[in-house]
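Below is one structure, written out as structure tokens, with a few remarks after it.
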Amino acid sequence: MKFKTAIKPYQAAAGGWGSLEATTRFVFDSKQVLKNMRNLMRMNKAKGFDCPGCAWGDDNKSTFSFCENGAKAVTWEATRRFIDAGFFAQHSVSALYKQSDYFLEYQGRLTEPLRYNRETDHYEPISWDDAFALIASHIKAMDNPDQMELYTSGRASNEASWLYQLFGRMNGSNNFPDCSNMCHEASGTGLKRSIGVGKGTIRLDDFDHADAIFVFGQNPGTNHPRMLHSLRHAADHGAKIVTFNTLRERGLERFADPQKPLEVVTSKAGTISSTYYQPNLGGDMAAVRGMVKTLAETHFARIAAGEPGLFDEVFINAKTEGMEAYLAAVAATEWSHIVQQSGLTEQQIREAAAIYQSAERVICTWAMGVTQHKHSVDTVREIVNLQLLFGQLGKKGAGLCPVRGHSNVQGNRTMGIDEKPSKAFLDSLGSHFGFEPPREIGHNTVEALEAMLRDEIKVLIALGGNLAAAAPDSPRTEEALRRCGLTVQISTKLNRSHLCPGAKDALILPTLGRTEQDIQASGPQFITVEDSFSMVHASEGVGKPIADTQRSETAIVAGIAHAVLGSEKVDWLGLAADYNLIRDHIAATIPGFADFNAKCEIKGGFYLGNAAAEFRFNTLNNKAQFSAASLPDSLFPQLDVEVPFTLQTLRSHDQYNTTIYGLDDRYRGVYGQREVLFIHPDDMAKLGLSAGDNVDIETLWNDGITRKVTDFKLVPYNIPQGNLAAYYPETNPLVPLSSFGDGSGTPTSKSVPVKITLSEAKAGLRIA
Ligand SMILES: Nc1nc2c(c(=O)[nH]1)N[C@H]1C(S)=C(S)[C@@H](COP(=O)(O)OP(=O)(O)OC[C@H]3O[C@@H](n4cnc5c(=O)[nH]c(N)nc54)[C@H](O)[C@@H]3O)O[C@H]1N2
Ligand SMILES: Nc1nc2c(c(=O)[nH]1)N[C@H]1C(S)=C(S)[C@@H](COP(=O)(O)OP(=O)(O)OC[C@H]3O[C@@H](n4cnc5c(=O)[nH]c(N)nc54)[C@H](O)[C@@H]3O)O[C@H]1N2
Ligand SMILES: [Mo]
């Protein structure tokens, strides 16, 4: 495939015509316009399916509650293109491996179960029953249950995830690596340690009541476009939106609502961020610490003058622990350290603190810019510290909001997809089903890959996702997959992971997507999902599946469990025949789900509640815990070499994680290409390089392994000096598997120590 390439800075607001045009282009490009439009209109409504795009909540207010990127996610799934046995007979695995990720998914939907034939290097059809029997034979041949890894990607429904974890635990292991380990793990861990619950404390309508919203390290214009409606609405009502983002992101600057025709026609774009700070990568903890340093100064000065202080002392005394130690740590942190690490000036940080101080109700939101560093748990806890000082929790318009990624990643965790489950959960599962669940902590994603590399894993089952391309250190990750005995990929589309077949056997099991009707023995089924705001609601597909050989995720998990464990303790196939029965078990084993089936009728879903938002802190002493961590001295304490650049790996506007929809990144002005490197113009000049030069990027790490990608085109960009940005997954080979967050285990995808050098290739870049 050839694409016209260009670099052309984007001048308009985010959203607006650009967004409508792109949405309609996606919808009309696909073969079935009417069906797609109907799908879109039902998305995120009481009846119909939940958008598979992101985990943002639904306001049920806009006429069309969908966004450009949600439209892409739906049309990409609902395509009429498909591949069957003929395609795999034609293309060997080695030949497909040479194709791009874009090419692989572009081929369309997987329709038949397939087994890899090592002799011929082709995938060949296999019946569902034979596939299940093959999986059972591999699992039964294992020496111990920890030789299996059950990976989950965050699109899987509550019903499928719950069944999957039950299967894994009944088989004896807590090895549940998942995409969350690479994503918001630091949020879950940090929040749990600080406030006793690993989820956000606010509800969607809190945005309407906030006086200030602090947005750390996220790009909603691309990754949570519906969040722009909430931000825009808040800004229109006078809320201050303070953004901390290393890059200048258009969606955080200006937004024209594509669903308001007048705004689009008149180009009446609204300003989103009232203030925009560009910290260094990994600089947010320092920035927040500097804000607290400023606010503490004012607080104590006022008290010394006999005036009321700033902090919410009633809340702090009654509900928290550890403030003194924290404030001592803040006092001990020098401004020079804060300035050096944040990359912001003392004045900028004092200004941000002043905005915080003047707001009565504050929301802090964040995503991958906060969670994919070594000190991410401490950073999340630093944000919580700030909010605790002011009692910005559990009141209207205030609280903590980690903005989740995959549309049901939060629900997966609620359902028990967790390598470190709580004792209470295991007890409840064990007593409900009369078995002793495994008590040992299982593997997270990095640990699972390391175990695979040590040849300890005989079976890998992946419920969705694309581990080969999503995980760090691509060549080693691919090798890890190839070293498993059996790999089983439950997928909608062809991807890199299918092309890294297990050493003995590999299966591809084609599944239905969320947009499609799911008909089981008892009739049409719906599933449920949970959004970032702990709202659980039903989702029912409307499109007709492309092939009757595809099965639902729930049915596939049940089929595997039945083949392995039989029906003595659990009637797996009976559960898959009627998802209401699964929901009854969920109601009996997971807190907050009593009367689950009845609650599924509630329009807009039901709220699971959040103990911390009600000032119940499920920590050891029932108080919220301040964290007194010190600021790290360096992002790379493991290294004793000088690091010229820190690289972040991020998403373009035309991708969903490892799914590449197209090669444009409209808001960043990049067209027809993905192998680009965003760099400050002065950094480029210092190295004697120019826009359009091709460079090689090499990781500086301490294990003697060379990690390098070549021929990336330089794009001068509004980014602080010393910081770089490039797209994931192309740059995953640069992220060392052994570089992960303290306490989170999350690969440090937003801080990779690198150097760059001019590469051989000379191809110039057109700067329009
Ligand atoms: N269309 C679309 N939607 C998606 C996804 C997708 O790929 N496509 N992915 C989904 C998933 S799984 C997730 S987790 C979310 C991801 O949503 P985001 O977290 O928005 O994803 P990234 O593209 O990784 O963007 C990281 C943002 O943080 C900034 N940043 C990076 N490092 C730092 C830092 O250290 N400090 C600060 N202050 N800023 C920093 C970057 O400049 C960038 O704007 O989106 C979800 N929604
Ligand atoms: N360098 C770098 N690496 C990263 C990140 C980063 O920012 N930088 N981000 C990380 C993050 S936040 C995440 S969440 C992970 C994502 O990791 P994953 O969740 O593993 O990856 P995805 O790309 O979302 O998975 C895409 C595949 O899922 C399958 N699929 C799509 N829909 C469905 C469905 O409904 N059911 C099933 N069974 N399969 C389906 C398709 O076959 C598709 O190829 O990547 C992480 N990796
Ligand atoms: Mo994610």
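Every number for a ligand or one of its atoms is a count from 1 in the order of the listing.
- Comparing heavy-atom distances from atom 23 (O) of ligand 1 across M182, R668, R651 singles out R651 as nearest.
- Residue contacts with ligand 1 for R404 are absent, since no atom lies close enough (heavy atoms, distance under 4.0 Å).
- A heavy-atom separation below 4.0 Å is found between H373 and ligand 1.
- Here is the list of ligand 1 atoms found below 4.0 Å of a heavy atom in E249: 42 (O), 43 (C), 44 (O).
- Side-chain N/O atoms of N718 and Q278 include a donor and acceptor closer than 3.5 Å.
- For N69, every heavy-atom contact with ligand 1 shorter than 4.0 Å involves the side chain, none the backbone.
- In the vicinity of Q648, heavy-atom distances shorter than 4.0 Å reach the ligand 1 atoms 30 (N), 31 (C), 32 (N), 41 (C), 42 (O).
- Counting atoms of ligand 1 from 1 in the listed order, those under 4.0 Å from a heavy atom of L247 are 42 (O).
- Between G405 and ligand 1, no N or O atom pair is found at a separation short of 3.5 Å.
- Protein heavy atom closest to atom 39 (N) of ligand 2, with residue, atom name and distance, is G464 CA, 3.4 Å.
- Atoms of ligand 2 lying under 4.0 Å from any heavy atom of N495, numbered from 1 in the order shown and given with element: 27 (C), 42 (O), 43 (C), 44 (O).
- Heavy atoms of T492 come nearer than 4.0 angstrom to ligand 2 in at least one pair.
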